[in-house]
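Working notes for the structure below.
In listed order, ligands and their atoms are each counted from 1.
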Amino acid sequence: MSDKITVPEHIGIIMDGNGRWAEERGLPRKDGHTRGMINMISLAAAAFDRGAKSVTCYSMSKENLRRSPEEVGHILSLVLEYFEPFLKVFGEKRIAAKFVGSLELLPEEIRASLKRTESILSEFEGLGRTIYVAIAYGSRAEIVRAVNEAVRRGEEVTEEGFLDLLGLPLNLDLVIRTGGESRLSNFFLYQASYAELYFSDKYFPDFGEAELDEALRWFSGRSRRYGLLKKG
Ligand code: FPP
């Protein structure tokens, strides 16, 4: 295998294992989510430094909204608590931000904060690098919404045209899931159709730059054929 690293243009990260990370240390689960938030910012920044154009992080599924109000409230409060560090890190790197999901389900204060973040970083739209954060997100809901939009327009859609109707109109090249489970859990099913899937046993707060580099080395060794035959 060659040592050359091919950095995927679009990396998705299913950030699982925060709760277990905390429980194994005798800490409340919310501490795991706080560590997860800090890691999300630094790991996404590291992925951009390595050449990724888009990074999509799964911060909360629609289903996660049914967890205890205390846990949901804490995860959402991280949006407010880490508003400044998020802007600082991605602003300095000239990276735009987009939040994807059923945002109408979130409290007004959180929605306003997400909107402000998008708006402040919107000056970097068009430079080709964006962090997407999926929140109150579910892929089936996203697809159903897009189908209804197509029906409303009364036009037949193509595969590419349908992608444009989705909240995240971009194919994924690599999906990393931490926390030891090997499933997609309703994470961008349409966009991940041809993504390489990388599963790590590490809990998300322990998945740092070294682990990212390991995933990129693994990705570089994959042969992506999109249903065609192998060359050579
Ligand atoms: C899954 O771990 C993780 C979550 C449900 C929350 C992830 C949130 C962050 C990384 C912080 C970023 C937050 C925002 C709002 C941007 P789990 O709790 O299911 O872990 P477990 O499987 O070990 O219980």
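- The pair Arg111-Glu108 meets the salt-bridge criterion, since a charged nitrogen lies less than 4.0 angstrom from a carboxylate oxygen.
- Taking atom 8 (C) of ligand 1 as the reference point, the nearest protein heavy-atom neighbour is Ser59 O, 3.4 Å.
- Heavy atoms from both the backbone and the side chain of Asn18 come within less than 4.0 Å of ligand 1.
- Of all atoms in ligand 1, numbered sequentially from 1 with element shown, those under 4.0 Å from a heavy atom of Asn64 are 5 (C).
- Counting atoms of ligand 1 from 1 in the listed order, those under 4.0 Å from a heavy atom of Val79 are 15 (C).
- Residue contact annotation: His33 has a non-hydrogen atom under 4.0 Å from ligand 1.
- Looking at Asp164, its side chain never comes within 3.5 Å of a backbone N or O of Pro169 through a donor-acceptor pair.
- In Arg29, the part holding a heavy atom less than 4.0 Å from any atom of ligand 1 is the side chain.
- Within the structure, every pair that satisfies the salt bridge (Lys or Arg N to Asp or Glu O under 4.0 Å) test and touches residues 10-20, not counting sequence neighbours, is listed here: Asp16-Arg20, Asp16-Arg177.
- Ring planes of Phe187 and Tyr58: tilted class, angle from 30 to 60°.
- Nearest non-hydrogen protein atom to atom 21 (P) of ligand 1 is Arg20 NE, 3.5 Å.
- Checked for salt-bridge contact, Lys115 and Glu118 miss the test: no charged N lies under 4.0 Å from a carboxylate O.
- Arg67 counts as a contact of ligand 1, since one of its heavy atoms falls under 4.0 Å from the ligand.
- Distances below 4.0 Å separate heavy atoms of Met15 from the following atoms of ligand 1: 1 (C), 2 (O), 3 (C), 10 (C).
- The pair Lys30-Glu81 fails the salt-bridge criterion, with no side-chain N (NZ, NE, NH1 or NH2) lying under 4.0 Å from an Asp/Glu carboxylate O.
- Of the candidates His74, Glu70, Arg67, Arg29 forms a side chain to side chain contact (heavy atoms under 4.5 Å, CB included) with just one, namely Arg67.
- Of all the listed residues (Ile38, Leu78, Ile75), Ile75 holds the heavy atom that lies closest to atom 15 (C) of ligand 1.
- Interface atoms of ligand 1 facing Gly36, defined by a heavy-atom separation under 4.0 Å, are 10 (C).
- Closest protein heavy atom to atom 20 (O) of ligand 1: Gly19 N, 3.1 Å.
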Exercise for the section: Begin with the C-alpha distance, continue with both residues' side-chain angles, and end with the deciding distance and a verdict on side chain to side chain contact (heavy atoms under 4.5 Å, CB included) for Ile176 and Phe207. Expected result: CA-CA 10 Å; Ile176 296 171; Phe207 193 93; 3.7 Å; yes
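- A distance-only check finds a donor-acceptor pair linking the side chain of Tyr190 to the backbone of Glu159 [under 3.5 Å].
- Around atom 11 (C) of ligand 1, the closest heavy atom drawn from Arg35, Met37, Glu63 belongs to Met37.
- Residue contacts with ligand 1 do not include Gly179, since none of its heavy atoms lies under 4.0 Å from the ligand.
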